[in-house]
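We count ligands from 1, going down the list as the structure has it; atoms in each ligand are counted the same way.
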Amino acid sequence: MKVLVIGGGGREHTLVWKIAQSPKVSEVYCAPGNPGMKNLAKIVNISVDDINVLADFAEKNKIDLTVVGPEAPLVSGIVDEFEKRGLKIFGPSKAAAQIEGSKVFSKNLMKKYNIPTAKYQVFEKPQDAIDYIHSVNMPQVIKAEGLAAGKGVVIAQDRDTAEAAVKSIMIDKTFGNSGNRIVIEEYLQGPEVTVLAFCDGKVAVPMVSSRDHKRVCDGDKGPNTGGMGAVSPAPAYSVELDQVVKESIIQKTVDAMAKEGMPFKGVLYTGLMLTQEGPKVLEYNCRFGDPEAQVVIPRLKTDLVDIMLAILNGNLADVQIEWRQEAAVCVVMASGGYPGHYETGKVITGLEDAEKTGAIVFHAGTTVKNNKIVTAGGRVLGITALGKDVQTARQKAYEAVSKIHFDGMHYRKDISK
Ligand code: AMP
Ligand code: GLY
């Protein structure tokens with residue numbers, strides 16, 4: 001089989017790494033890919049937003065299966081376009097991707113089907129939102145309705161911050177049309193857990209749990225990022241909780257989507273807060289998490305391509321999905337200044353030495369310049385290690401990290417703690 005992976009970050013490097021191991025697969029392509037995957041895949045210079053050009057490429061090169069990493073093309077309807085042309089593609093339809101593309105859609109879905117989540121209100125007019133803020137207790141959480149590259153959520157401890165968030169999203173349009181409507185919701189407390197699930201439109205099979213570390217600095221300080229590292233399994237997640245989440249949240253969500261006439265096929269990402277009242281949904285995404293994929297996929301024993309094909313055939317229940325008992329830790333190495341302004345083009349050294357430790361070096365923001373691998377983004381590398389427990393995996397990941405250098409680099413020292 002020929003497989004095309006769409007995306008170019010650490011999540012997509014992980015997908016390519018796993019898919020290339022499948023005995024069914026003869027060739028892997030990745031668009032736009034990154035230099036870390038050059039021994040595993042052919043790099044295709046097409047952007048993830050060029051849906052028609054990607055579909056033309058798949059047709060011309062007789063791609064047997066396309067796998068979509070990021071949310072933007074899913075929300076724009078890449079799956080519908082490929083299916084219209086009779087091409088096999090793994091991911092939810094445009095209608096089903098609304099579960100991530102519109103927080104108003106997902107909150108209303110949860111309310112209608114009694115799926116536990118924070119209490120909320122939707123606003124279309126900034127003044128109504130501001131009046132509401134003055135009528136409720138703080139903190140409150142302000143969310144832009146649409147996609148905002150992980151930056152559309154503000155946790156407002158006081159009314160001034162909340163008002164500023166409403167103005168920035170709805171009046172200044174910091175996230176464009178994604179801020180036409182906002183959700184204001186109750187502030188929840190507790191440990192966070194990510195549960196990804198394979199879904200074939202009817203059946204949901206949760207993967208092993210994971211947790212990402214969104215804040216830039218140790219001790220969960222500083223601004224939010226795309227994710228500074230991840231661990232699997234998530235601490236604080238028990239077998240009992242897993243059962244509750246599977247039945248009262250994940251399967252219920254897949255049933256709800258089917259009842260709404262938009263069956264969810266692909267990977268459903270559920271971000272949970274484990275509150276004292278039980279687990280509640282913070283957000284859904286319509287794809288693998290990044291960097292959660294970098295710790296979950298290396299723990300998967302089963303052939304990922306077999307699972308994806310079963311999902312496309314609607315017979316996921318027939319596949320036996322097996323996981324390694326070992327834990328996994330991924331440490332993200334970022335450019336100086338990230339998540340704010342950062343420079344690129346810094347030479348990266350020590351990549352081979354890092355791999356010699358047994359860790360896996362997943363590339364994200366890297367490129368090749370003058371035959372050298374240099375930085376090209378905020379999150380540059382994700383270093384993943386497996387170990388018999390979280391502590392062993394963490395030690396191995398940080399040992400590999402210590403071999404790598406680029407000017408200005410920074411990373412958290414407390415991933416998985
Ligand atoms: P989201 O993109 O909706 O997952 O939000 C990003 C992050 O904001 C989450 O991972 C949480 O850390 C935090 N967050 C979102 N919603 C809430 C909430 N209702 N209460 C507390 N924290 C939240
Ligand atoms: N790690 C968060 C996300 O993928 O959205």
Candidates K143, K214, K151, E283; heavy atom nearest atom 15 (C) of ligand 1 found on K143
Near N285 (heavy-atom distance under 4.0 Å), the atoms of ligand 2 are 5 (O)
So for F288 against ligand 2, with non-hydrogen atoms under 4.0 Å, the contacting part is neither
Item to complete: Start with the C-alpha gap between D80 and S93, add the side-chain angles, then the distance that decides, and say whether side-chain hydrogen bond (donor to acceptor under 3.5 Å, both in side chains) holds.
Response: CA-CA 6 Å; D80 308 58; S93 65; 5.0 Å; no
Among V153, T275, I184, D220, closest by heavy atom to atom 5 (O) of ligand 1 is V153
If you measure every N or O of D290 against every N or O of ligand 2, does any of those distances drop under 3.5 Å? yes
> Will you find, in the side chains of D158 and T161, an N or O donor that is under 3.5 Å from an N or O acceptor?
Replying inline: yes
Within the 4.0 Å heavy-atom cut-off, what E292 brings close to ligand 2 is side chain
Would you check if there is a donor-acceptor pair between the side chains of N137 and Y187 at a distance under 3.5 Å? no
No-hydrogen, no-angle side-chain donor-acceptor test under 3.5 Å, Q294 and H13 = no
Notebook entry, point to check: Can a salt bridge be assigned to the pair D212 and R412 using a cut-off of 4.0 Å between side-chain N and carboxylate O?
Noted result: no
Ranked by distance from atom 17 (C) of ligand 1, the top protein heavy atom is L282 CD2, 3.4 Å
inquiry  = Regarding ligand 1, does E186 bring an N or O atom to under 3.5 Å of one of the ligand's N or O atoms?
reply    = yes
Result for salt bridge (Lys or Arg N to Asp or Glu O under 4.0 Å) between K107 and one of E283, E145, E185 points to E185
D212 heavy atoms within 4.0 Å reach ligand 2 at atoms 1 (N), 2 (C)
Legend entry - E399 with K396: basic N within carboxylate O range, under 4.0 Å: no
Worksheet item: Is K24 salt-bridged to D306, cutoff N-O under 4.0 Å?
Response: yes
Q.
Any nitrogen or oxygen of R287, side chain or backbone, less than 3.5 Å from one on ligand 2?
A. yes
Atom 18 (C) of ligand 1 has as its nearest protein heavy atom V141 CG2, 3.5 Å
TODO: Indicate whether any N or O donor in one side chain lies under 3.5 Å from an N or O acceptor in the other, for T366 and N34.
DONE: no
Quick note on ligand 1: atoms under 4.0 Å from a heavy atom of Y187 include exactly 20 (N), 21 (C)
Ligand 1 to K103, heavy atom cutoff 4.0 Å, flagged ligand atoms 2 (O), 3 (O)
State whether K112 and E260 are salt-bridged, where the test is any N-O pair (Lys NZ or Arg NE/NH1/NH2 against Asp/Glu carboxylate O) under 4.0 Å. yes
Closest to atom 20 (N) of ligand 1 among protein heavy atoms sits L188 N, 2.8 Å
Atom 13 (C) of ligand 1 sits nearest the protein heavy atom I155 CD1, 3.7 Å
Within 4.0 Å of some non-hydrogen atom of G289, the atoms of ligand 2 are 4 (O)
Is it the case that more than 12 heavy atoms not belonging to K413 sit under 6.0 Å from its NZ atom? yes
Between the side chains of R379 and D290, is the shortest nitrogen-to-carboxylate-oxygen separation below 4.0 Å, so that they form an ion pair? yes
| task | Could you say whether the N/O atoms of M273 and ligand 1 ever approach to under 3.5 Å? | result | no
min-distance protein heavy atom vs atom 12 (O) of ligand 1 -> E192 OE2, 2.4 Å
Under 4.0 Å from one or more heavy atoms of E185, ligand 1 contributes atoms 16 (N), 17 (C), 18 (C), 19 (N)
